[in-house]
Amino acid sequence: EGGMSAVGGVNIPTFYAPDDPLFADLKAKFVDHDIPLLMDAMSLSDQPLPLLWTGDFIPCDGEEEGSTVYIVGEFNCSCVGISNFGAGCGPDKDLTNVTDENHAEGTRLTNLIGVKAVEALDQMRAAAAAAAE
């Protein structure tokens with residue numbers, strides 16, 4: 001099971017919903033605190049985030065016993081795969097190797113990305129029209 005990872009190994013991902021309580025604190029710190037700082041440091045604070053990007057976290061033991069801290073190992077927005085389709089990647093593999101459940105979720109995600117892309121373009125078009133008035 002699993003597909004090829006970006007670094008050539010086998011990737012067996014675990015998926016969590018965006019609002020999974022297990023990672024609520026990590027999400028709040030990363031999205032609400034760290035991302036604005038990073039965007040500002042790159043002089044991109046006035047720009048939207050890419051529609052599809054990843055932040056890969058490495059779990060480490062925290063200072064308190066039993067606690068975990070997460071360190072960002074990398075950001076990626078230039079070659080991000082849809083993990084649900086990962087089983088179809090590699091020599092002699094295709095979408096027939098993807099389970100029906102993963103195909104449905106991958107399709108839901110890619111459709112959402114398309115909707116968000118159209119919304120972003122509509123907002124940019126409206127802003128440009130308002131500025132031209």
Side-chain angles (χ1 to χ4, degrees):
E1 178 169 336
M4 294 187 66
S5 78
V7 294
V10 175
N11 177 29
I12 302 175
T14 302
F15 299 98
Y16 297 92
D19 58 353
D20 191 305
L22 183 62
F23 298 105
D25 187 54
L26 173 64
K27 180 182 174 192
K29 289 176 182 172
F30 182 63
V31 173
D32 297 335
H33 181 263
D34 296 342
I35 290 293
L37 294 174
L38 291 167
M39 295 294 282
D40 189 51
M42 295 183 290
S43 299
L44 296 172
S45 57
D46 62 338
Q47 298 296 311
L49 289 169
L51 288 173
L52 179 60
W53 62 279
T54 63
D56 295 344
F57 293 92
I58 301 168
C60 300
D61 292 336
E63 290 184 20
E64 297 176 22
E65 187 169 331
S67 68
T68 304
V69 295
Y70 294 89
I71 299 169
V72 176
E74 71 175 323
F75 292 104
N76 193 343
C77 63
S78 62
C79 185
V80 177
I82 304 297
S83 296
N84 299 90
F85 296 132
C89 297
D92 302 320
K93 292 186 175 186
D94 58 31
L95 287 177
T96 61
N97 297 97
V98 176
T99 66
D100 290 344
E101 181 182 355
N102 276 335
H103 191 277
E105 180 60 18
T107 300
R108 185 195 67 76
L109 179 58
T110 54
N111 287 344
L112 177 61
I113 292 167
V115 167
K116 294 298 182 181
V118 170
E119 286 175 4
L121 290 171
D122 287 346
Q123 287 174 359
M124 291 169 61
R125 187 176 302 119
E133 290 180 353

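Not measured: the values here are computed from a predicted model.
Between Asp92 and Asn97 the shortest heavy-atom distance is O-OD1, 4.3 Å. Across every non-hydrogen atom of Phe57 and Pro59, the tightest pair is O-CD, 3.8 Å. Closest of all the heavy-atom pairs between Gly88 and Val98 is N-CG2, 3.7 Å. For Met39 against Gln47, the heavy-atom pair with the smallest separation is CE-O, 3.5 Å.
Atoms CG and OG, on Leu37 and Ser45 in that order, are 10.5 Å from each other to the nearest 0.5 Å. Atoms OG1 and CD1, from Thr107 and Ile82 in turn, are 10.0 Å apart once rounded to the nearest 0.5 Å. How far CG of Leu52 is from CG of Leu112: 10.5 Å, rounded to the nearest 0.5 Å. Note that CD of Glu101 is 9.0 Å distant from CG of Asn84, once rounded to the nearest 0.5 Å. Atoms CG and CZ, on Leu49 and Phe75 in that order, are 10.0 Å from each other to the nearest 0.5 Å. The line from CG of Asn111 to NZ of Lys116 is 13.0 Å long, rounded to the nearest 0.5 Å.
Using a 4.5 Å heavy-atom cutoff, the side chains of Asp122 and Val118 are in contact. Side-chain contact between Asp20 and Lys27: absent, with no pair of heavy atoms (C-beta onward) separated by less than 4.5 Å.
When the ring-ring contact (aromatic ring centres under 6.0 Å, His included) test is applied to Phe85, the partners found at least two apart in sequence or on another chain are His103.
Cluster membership for Ile113 and Val115, using ILVMFWY side-chain heavy atoms within less than 4.5 angstrom, is not shared. Val72 and Val31 end up in the same hydrophobic cluster when Ile, Leu, Val, Met, Phe, Trp and Tyr side chains are linked at under 4.5 Å. When hydrophobic clusters are built by joining Ile, Leu, Val, Met, Phe, Trp and Tyr residues whose side-chain heavy atoms come closer than 4.5 Å, directly or via intermediates, Trp53 is not grouped with Leu51. Grouping the Ile, Leu, Val, Met, Phe, Trp and Tyr side chains by contacts below 4.5 angstrom, directly or via other members, places Ile58 apart from Val69.
The side-chain hydrogen bond (donor to acceptor under 3.5 Å, both in side chains) pairs that include a residue from residues 56-67 number zero, where partners must be two or more places apart or lie in different chains. Listed by first then second residue, pairs satisfying ring-ring contact (aromatic ring centres under 6.0 Å, His included) with a partner in residues 114-133 number zero, not counting sequence neighbours.
Within 6.0 Å of atom CG in Asp100, 12 or fewer heavy atoms from other residues, nucleotides or ligands are found, so the atom counts as exposed in its surroundings.
In terms of modelled atom types and a separation under 3.5 Å, the side chain of Asp32 and the main chain of Lys29 share no donor-acceptor contact.
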Start with the C-alpha gap between Thr68 and Leu26, add the side-chain angles, then the distance that decides, and say whether side-chain contact (heavy atoms from CB on, under 4.5 Å) holds. CA-CA 10 Å; Thr68 304; Leu26 173 64; over 6 Å; no
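A ring-centre distance under 6.0 Å is not found for Phe30 and Tyr70.
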